[in-house]
Asks: 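Once you've had a glance at the structure underneath, I'll fire off some questions.
If you read the sequence from its start, that first residue is 1, and numbering goes on from there.
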Amino acid sequence: MQTGVSIFYVAPEGLYKLLLYTKKYYKNPTVYITECGMGESNIDDVAKGINDAQRVDFYQRHIKALYRSFREGVNVKGFFAWSFFDNFEWGSGYTQRFGINFIDYKNNLKRYPKRSALWMKKFLLN
């Protein structure tokens, strides 16, 4: 499934298979996934921007795939969302959003937790 950034796709099964491949062919090294997330086309409206249901689905599916690989013995020690805040992207400026917190560029950079941030908080606390 494609995301709001044309070259990025949702591929939790690919993550799962890659982790199993790494375990099998590289003697099961310690793995830290330092960037995992999805981008959206820029949304300037706060109400629309914080309702990022596709990102919630993305994280649910990828974390489930990660857990599946962990149960099969992959030595995964860390998983980090990409990224905490919407930010400047080197090739796209402020036209794409990757964060779990919305930055209102038109209102003094005010920050709002997106639906994905609230989901992540609930997931981590359970």
Asks: For residues 64-76, which side-chain N or O atoms pair as donor and acceptor with protein atoms under 3.5 Å away, sequence neighbours left out?
Replies:
| unit_1 | atom_1 | unit_2 | atom_2 | d |
| --- | --- | --- | --- | --- |
| R68 | NH1 | E13 | OE1 | 3.2 |
| S69 | OG | L66 | O | 2.7 |
| E72 | OE1 | Y16 | OH | 3.0 |
| E72 | OE2 | Y16 | OH | 2.6 |
| N75 | ND2 | T30 | OG1 | 3.0 |

Asks: Please name all residues satisfying salt bridge (Lys or Arg N to Asp or Glu O under 4.0 Å) with K77, sequence neighbours left out, ordered by chain then number.
Replies: none
Asks: Which hydrophobic side chains are connected to L118, either touching it within the sub-4.5 Å cutoff or through other members that do?
Replies: none
Asks: Identify each donor-acceptor pair in which a side-chain atom of residues 108-115 lies under 3.5 Å from a protein atom, sequence neighbours left out, and give them as a table.
Replies:
| unit_1 | atom_1 | unit_2 | atom_2 | d |
| --- | --- | --- | --- | --- |
| R111 | NH1 | L109 | O | 2.8 |
| K114 | NZ | D86 | OD1 | 2.9 |
| K114 | NZ | D86 | OD2 | 3.3 |
| K114 | NZ | G99 | O | 2.8 |
| R115 | NH1 | N51 | OD1 | 2.9 |

Asks: Sequence neighbours excluded, which residues qualify as salt bridge (Lys or Arg N to Asp or Glu O under 4.0 Å) partners of D104?
Replies: none
Asks: Nearest 0.5 Å, please: how far is CG in N87 from CD1 in I103?
Replies: 8.5 Å
Asks: Which residues pass the side chain to side chain donor-acceptor pair (under 3.5 Å) test with N101, sequence neighbours left out?
Replies: none
Asks: Not counting sequence neighbours, which residues clear side chain to side chain donor-acceptor pair (under 3.5 Å) with S92? List them please.
Replies: Q96
Asks: Output every pair passing ring-ring contact (aromatic ring centres under 6.0 Å, His included) with a member in residues 38-65, not counting sequence neighbours, ordered by first then second residue.
Replies: F58-H62
Asks: Among all residues two or more places apart in sequence or in another chain, which pass the ring pair (Phe, Tyr, Trp, His ring centres under 6.0 Å) test with F102?
Replies: none
Asks: Going from CZ on F79 to SG on C36, what distance comes out if it is rounded to the nearest 0.5 angstrom?
Replies: 4.0 Å
Asks: Side-chain heavy atoms under 4.5 Å apart, restricted to Ile/Leu/Val/Met/Phe/Trp/Tyr: what other residues fall into the cluster of Y26, or is it alone?
Replies: Y21, Y25
Asks: Got a sec, which residues hit salt bridge (Lys or Arg N to Asp or Glu O under 4.0 Å) with D45, two or more places apart in sequence or on another chain?
Replies: none
